[in-house]
S.K.: 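Supplied in structure tokens, the structure appears directly below.
Side chains are part of it too, since the values below use all heavy atoms of this structure and drop only hydrogens, waters and symmetry mates.
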Amino acid sequence: YNIVLEKEMKLIETMKINGMRMSNYWLTNFIFSLFFYCITMFVFIFFGSKVYNFQFFKHTTMTVMVLVLFAWGLAQISLSFLISVFLNKSQSASIIGYSLSIWLMTIACCMNISIYAPPNEMDWFLYPIPTFTFCRALHVLCVECAYYNCVGSISALPTEAIRCIGC
């Protein structure tokens, strides 16, 4: 939203005229987005493990949880930068961003339950879509925690979860 708003208000051109390099602009936006995402991520983990006492959060190693959520955050920020190139109105960016997130997460969850239920693995062409890989990684970790043992270390991660984190 912010990047499209700056583009809509012609602030990017003003920054270019004043000598700002675009690499600095994108790096600053990336760090800004990552900072707020990390705050959200740690609040999410705190509430899941301490406030609501979800067993998944309590028994899965914190390193694995942070790794999965951090990898998803990096992918989401990069995807939002890509999508912002094609949009010119901040209002449409907000609507499209939220709609895309909700619909893709709904589709990904339904596919995990119906098409890719264990022992089936997700198809290769879905790995570049961050929402599908994030949802699949959480699904694999939840299945491990429900039927076997929760993941106790990074070395104990299932192969499919490693592929999801890597993409």
Side-chain angles (χ1 to χ4, degrees), residues 1-4 29-30 33-34 36-167:
Y1 171 79
N2 289 335
I3 293 171
V4 177
N29 274 311
F30 182 80
S33 298
L34 188 62
F36 281 106
Y37 176 75
C38 285
I39 290 172
T40 305
M41 177 181 67
F42 286 116
V43 167
F44 178 73
I45 291 172
F46 174 76
F47 272 84
S49 61
K50 303 294 184 206
V51 176
Y52 294 114
N53 278 334
F54 290 142
Q55 296 303 311
F56 175 71
F57 285 95
K58 289 179 76 172
H59 296 297
T60 302
T61 304
M62 187 66 65
T63 309
V64 171
M65 289 300 299
V66 169
L67 181 66
V68 169
L69 291 171
F70 189 76
W72 183 59
L74 291 176
Q76 283 293 100
I77 292 169
S78 301
L79 182 65
S80 69
F81 284 7
L82 175 69
I83 292 172
S84 73
V85 171
F86 301 108
L87 301 172
N88 292 321
K89 300 276 186 197
S90 58
Q91 190 175 22
S92 63
S94 184
I95 292 169
I96 289 171
Y98 285 118
S99 299
L100 197 61
S101 294
I102 291 169
W103 281 106
L104 284 177
M105 189 58 81
T106 303
I107 292 168
C109 288
C110 290
M111 287 175 72
N112 277 326
I113 294 168
S114 60
I115 299 171
Y116 301 118
N120 298 333
E121 291 190 4
M122 190 168 72
D123 289 325
W124 63 270
F125 58 86
L126 295 173
Y127 281 106
I129 305 169
T131 307
F132 283 98
T133 54
F134 171 69
C135 193
R136 185 62 185 176
L138 282 184
H139 182 75
V140 168
L141 292 175
C142 286
V143 167
E144 285 288 318
C145 200
Y147 294 113
Y148 309 108
N149 290 327
C150 293
V151 177
S153 67
I154 293 177
S155 61
L157 275 170
T159 307
E160 190 176 12
I162 293 170
R163 276 195 306 259
C164 289
I165 294 168
C167 288

S.K.: Measuring from atom CD of Q55 to atom SG of C150, what distance do you get when rounded to the nearest 0.5 angstrom?
M.R.: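 The SG atom of C150 is 8.0 Å from CD of Q55, to the nearest 0.5 Å.
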S.K.: Once the angle between the rings of F47 and Y52 is folded into 0 to 90°, is it parallel (under 30°), tilted (30 to 60°) or perpendicular (over 60°)?
M.R.: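 Rings of F47 and Y52: tilted, as their planes differ by 30° to 60°.
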S.K.: What pair of heavy atoms forms the shortest contact from V140 to E160, and how long is it?
M.R.: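 Closest approach of V140 to E160: CG2-OE1, 3.7 Å.
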S.K.: I'd like to check P118 versus H139 (side-chain heavy atoms, cut-off strictly below 4.5 Å). Are they in contact?
M.R.: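 They are in contact (side-chain heavy atoms under 4.5 Å apart), so the answer is yes.
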S.K.: Would a 4.5 Å heavy-atom cut-off, applied to side chains only, mark N2 and N29 as touching?
M.R.: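 Answer no - side chains too far apart.
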S.K.: Among Y127, F134, W72, which residue satisfies the side chain to side chain contact (heavy atoms under 4.5 Å, CB included) criterion with C164?
M.R.: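 Going through Y127, F134, W72 one by one, the side chain to side chain contact (heavy atoms under 4.5 Å, CB included) with C164 is satisfied by Y127 alone.
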S.K.: Can you tell me how far apart CD (E121) and OG1 (T159) are? Round to the nearest 0.5 Å.
M.R.: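 E121 CD to T159 OG1: 7.5 Å, rounded to 0.5 Å.
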S.K.: Please determine, by modelled atom types, if S153 and S155 share a side-chain donor-acceptor pair under 3.5 angstrom.
M.R.: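 On atom types as modelled, these side chains qualify, holding a pair under 3.5 Å.
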S.K.: Could you pull out the closest heavy-atom pair between F81 and S33, with the gap in Å?
M.R.: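 In this case the closest contact between F81 and S33 is CE1-OG, 4.4 Å.
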S.K.: Looking at N149, I want to see if its CG is surrounded by more than 12 non-hydrogen atoms of other residues, nucleotides or ligands under 6.0 Å.
M.R.: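 No, the 6.0 Å shell around CG holds no more than 12 heavy atoms from other groups.
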S.K.: Determine, step by step, whether L34 and L74 satisfy the side-chain contact (heavy atoms from CB on, under 4.5 Å) criterion, reporting the C-alpha distance in whole Å, the side-chain angles of both residues, the deciding distance to 0.1 Å, and the verdict.
M.R.: CA-CA 7 Å; L34 188 62; L74 291 176; 3.8 Å; yes
S.K.: State, to 0.1 Å, how close R136 and Y116 come at their nearest heavy-atom pair, and which atoms those are.
M.R.: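 Where R136 meets Y116 most closely, the heavy atoms are NH1-O, 2.6 Å.
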S.K.: What is the distance from atom OG1 of T63 to atom CD1 of I154, rounded to the nearest 0.5 Å?
M.R.: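 Result: 5.5 Å between the selected atoms.
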S.K.: Return the minimal non-hydrogen interatomic distance between N120 and I115, and the atom names on each side.
M.R.: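 Looking at all heavy atoms of both residues, the closest pair is ND2-O, 3.3 Å.
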S.K.: Would you tabulate the side-chain donor-acceptor contacts of residues 91-102 under 3.5 Å, counting partners in other chains and residues two or more places apart, or write 'none'?
M.R.:
| from | atom 1 | to | atom 2 | distance (Å) |
| --- | --- | --- | --- | --- |
| S92 | OG | K89 | O | 2.8 |
| S99 | OG | I95 | O | 2.8 |
| S101 | OG | G97 | O | 3.0 |

S.K.: Could you tell me if the side chain of V85 sits less than 4.5 Å from the side chain of I3, heavy atoms only?
M.R.: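 Sidechains of V85 and I3: no contact.
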S.K.: Is I165 close to V68 at the side-chain level, that is, under 4.5 Å between some pair of heavy atoms?
M.R.: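 Yes, their side chains come closer than 4.5 Å.
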S.K.: Please name the pair of heavy atoms, one in F70 and one in C38, separated by the smallest distance, quoted to 0.1 Å.
M.R.: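 Heavy atoms only, the tightest pair is CE1-SG, 3.9 Å.
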S.K.: Does the gap between the ring centers of F125 and F132 come in under 6.0 Å?
M.R.: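 For F125 and F132, the ring centres are not under 6.0 Å apart.
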S.K.: First locate atom OG of S49, then atom CE of M65, and finally report the distance between them rounded to the nearest 0.5 Å.
M.R.: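 Output value for this atom pair is 8.5 Å.
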S.K.: When rounded to the nearest 0.5 angstrom, what is the spacing between CG in L67 and CD1 in I162?
M.R.: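 Output value for this atom pair is 9.5 Å.
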S.K.: Do you know the tightest heavy-atom contact between F56 and T60?
M.R.: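 That closest heavy-atom pairing would be O-OG1, 2.8 Å.
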S.K.: Does L69 reach the side chain of F42, with side-chain heavy atoms less than 4.5 Å apart?
M.R.: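 Not in contact.
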S.K.: Rounded to the nearest 0.5 Å, what's the gap from CZ on R163 to OG1 on T133? Could you check?
M.R.: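 Reported to 0.5 Å precision, the distance equals 12.0 Å.
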